[in-house]
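Right, one structure below, let's go through it.
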Amino acid sequence: DEEDSVDLGGRRIIKKEAGEAAASAQHAAAQKAGQALSQHSIELLRAALRLWPDANVKFGYFEKQLLLVERQLPASSDLLPAVLAVLRVLQTVVTCQPRFAHAHLPALHALLQPVFTSHAGQPKVVLALCALLGTMMEVLARAPAHGGGGAEEGDGGDGGGGGGGAISADYGLHARFVSALAQSTFTAHERDGLVLPAVHLLDATAPFCPELLDAHIVALIKVLHRLAKEHAVRRADGGGGGAATGGGGGGADGEGGGGMLRTCLQLVQQVPRLLEVSEARKPCFQALVLLIDKSHDVDVLREVLDLLAGWILAAPAGGASTAGGVGGGALAPGGGLSLKERTNFILKLVQLEGLGAPEVSRKFLSIVLALYTDPTSHRAHELIAKIERAFMCGLRAQQPSLRAAFFALYDGSIGRTPRQRIEYVLALQDWESLAGTFWLRHALELLLATVDPAAPVRPAAGSLRLPTLDEARACARAGSAAALA
């Protein structure tokens, strides 16, 4: 066996690999060569931990290196990459050895909390810390893969095969730590607007602990409202351009940029009970309306539509949900939106059709089509009557399949005789919603839709019949009398 042939002395070397990886970055952090060496050391550490999964990695390595770098950072900002290296090494160890997180959880919390607080203005450090805390949440949420791989002597703790109760306790402890850290960050930076740390912390940990979003939904909505206003102001100042754009503007580390705004919208989608929280409902609606009115960012508008699709298509109280698959928003329990709110949102979204962004227009029209094809439309008759303008926009959709689906519904709702069609086109239908297009084309399509293409073309019955002699004499006498008169 290849593993058995490895010198046993190598295990002792591997135990020190984590500390050496962090130290290599500390001594050459300001140079690209040092960063490459740090990354190579992390890759070696990952390979080594796979080869020797029971290696006892000492927590003291990380504590010593991180505290040493933190003390020197105020005098030398060049050591900041060393902090990133230590955090990445820690994440690698936690990923490969879940028992490490179980064994040193309180010590890890005590070590990481001051780092998170002191580096709130450093996006790279914040992202690395959030990734580490998210990985810890993930490994604590599931049982270790190996039941018998307990910690070696001196490793401390009860990791590796601990019972479900111990795992639940560690998971709950870490969830409370993350929640307190997010709350303190929201509170500390409520005035200066430095929201990146708390938002990214929730984004990294919420997939493994959804309850965190419920606990901080009000603070998150406040952040969303502020970012929406900043986004609208930037566009009004000329930062957003005149046409639809695909870029987010701010990126993941852009404070208040499109990237942060999209992250907030994605987090809000994961909170089904948001509409039940009165403190969050109104500011959330205001932020969404502001984005619909002012934003030309396609990525942001796509997230807005995903969120609203779940609310608009949600079933009423006691009903079944409608047309799943249109957008990714979570369905609000009990219907969530009132009839007036649904109508207002849909009519607001009509303006997105003229944005010049086919993807946004297609997503909006898919929501409208889902409402009209809803098999549980017993609750939608009044709504459908109010959103006819949105439906008529579907008749001029750029996507042929979508346009055909709308016309099929339109054609099936009107009588099929020529008289019924002409009466509908001239007397009943209000074409004002299509005033910006050549609406006669749609009227002509309604008339031509009554024609059976399989039927042969022939004159009307009786059109070729010659008059009888009596009819001819009567016509002649009538003509003579008219001439004499």
Side-chain angles (χ1 to χ4, degrees), residues 220-221 224-225 227-228 231-232 235 240 243-249 258-272 274-275 280-281 283-315 321-332 335-338 340-374 380 383-384 386-387 389-394 396-399 401-403 405-406:
L220 186 62
I221 293 301
L224 173 63
H225 191 266
L227 292 179
H231 185 78
R235 182 182 177 275
T245 59
M260 179 65 65
L261 183 56
R262 292 196 304 273
T263 301
C264 282
L265 289 168
Q266 292 165 2
L267 289 175
V268 170
Q269 289 182 43
Q270 302 174 38
V271 188
L274 182 144
L275 297 179
R281 185 184 181 104
C284 182
F285 288 177
Q286 291 173 343
L288 295 178
V289 170
L290 185 62
L291 291 174
I292 294 171
D293 286 339
K294 302 297 184 181
S295 178
H296 281 186
D297 190 318
V298 173
D299 295 328
V300 170
L301 292 174
R302 185 169 56 243
E303 298 296 342
V304 171
L305 285 169
D306 282 342
L307 176 59
L308 288 177
W311 293 349
I312 293 173
L313 299 179
S321 61
T322 71
V326 185
L331 298 184
L337 297 180
S338 66
K340 181 179 179 181
E341 290 168 339
R342 292 170 192 257
T343 303
N344 289 342
F345 271 125
I346 293 175
L347 295 181
K348 270 287 183 185
L349 291 170
V350 168
Q351 62 186 294
L352 298 182
E353 192 207 11
L355 188 62
E359 183 181 356
V360 173
S361 178
R362 178 192 58 78
K363 189 176 287 287
F364 161 61
L365 292 176
S366 298
I367 297 173
V368 177
L369 183 63
L371 282 174
Y372 275 83
T373 57
D374 178 15
L383 173 65
I384 287 176
K386 294 177 180 291
I387 62 171
R389 180 184 173 193
F391 179 86
M392 298 299 287
C393 291
R396 59 185 184 193
Q398 297 183 16
Q399 296 80 12
S401 59
L402 198 57
R403 187 169 62 247
F406 273 95

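The analysis underlying the following values was restricted to heavy atoms, covering all of them including side chains, and did not include hydrogens, waters or symmetry mates. These numbers were taken from a predicted model, which means no experiment stands behind them.
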message: Evaluate F406 against V368 for side chain to side chain contact (heavy atoms under 4.5 Å, CB included), listing each step before the verdict.
response: CA-CA 10 Å; F406 273 95; V368 177; 4.0 Å; yes
Return the minimal non-hydrogen interatomic distance between [X] and [Y], and the atom names on each side.
X: A390; Y: I346; answer: CB-CG2, 3.8 Å
X: L347; Y: I387; answer: CD2-CA, 4.3 Å
X: D297; Y: S295; answer: N-OG, 3.1 Å
X: P358; Y: Q398; answer: CG-OE1, 3.8 Å
X: S338; Y: R281; answer: N-NH2, 4.3 Å

field: Pair L290-H225, side chain to side chain contact (heavy atoms under 4.5 Å, CB included): steps then yes or no
entry: CA-CA 9 Å; L290 185 62; H225 191 266; over 6 Å; no
Hey, what do you get for [atom1] ([X]) to [atom2] ([Y]), rounding to the nearest 0.5 Å?
X: M392; Y: E353; atom1: CE; atom2: CD; result: 11.5 Å
X: L349; Y: L355; atom1: CG; atom2: CG; result: 11.5 Å
X: N344; Y: K386; atom1: CG; atom2: NZ; result: 9.5 Å
X: T263; Y: L224; atom1: OG1; atom2: CG; result: 11.0 Å
X: C393; Y: L352; atom1: SG; atom2: CG; result: 10.5 Å
X: I367; Y: Y372; atom1: CD1; atom2: OH; result: 14.0 Å

Would you check if [X] and [Y] make a side-chain contact, meaning some heavy-atom pair closer than 4.5 Å?
X: L227; Y: H231; answer: no
X: Q266; Y: E303; answer: yes
X: D306; Y: K363; answer: yes
X: L308; Y: F364; answer: no

- request: Could you walk me through whether C264 and L220 pass side chain to side chain contact (heavy atoms under 4.5 Å, CB included), step by step?
  value: CA-CA 7 Å; C264 282; L220 186 62; 4.2 Å; yes
Any donor-acceptor pair under 3.5 Å from R262 side chain to V300 backbone: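 Looks like no, no N/O pair under 3.5 Å.
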Residues in side-chain contact (heavy atoms from CB on, under 4.5 Å) contact with [X], at least two apart in sequence or another chain:
X: Q351; value: I292, D293, K348
X: R362; value: E359, S366, Q399, L402
X: A405; value: L369

query: Do the rings of F345 and W311 sit parallel, tilted or perpendicular, given the 30° and 60° boundaries?
result: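 Taking W311 first and then F345, their aromatic rings sit tilted (interplane angle of 30° to 60°).
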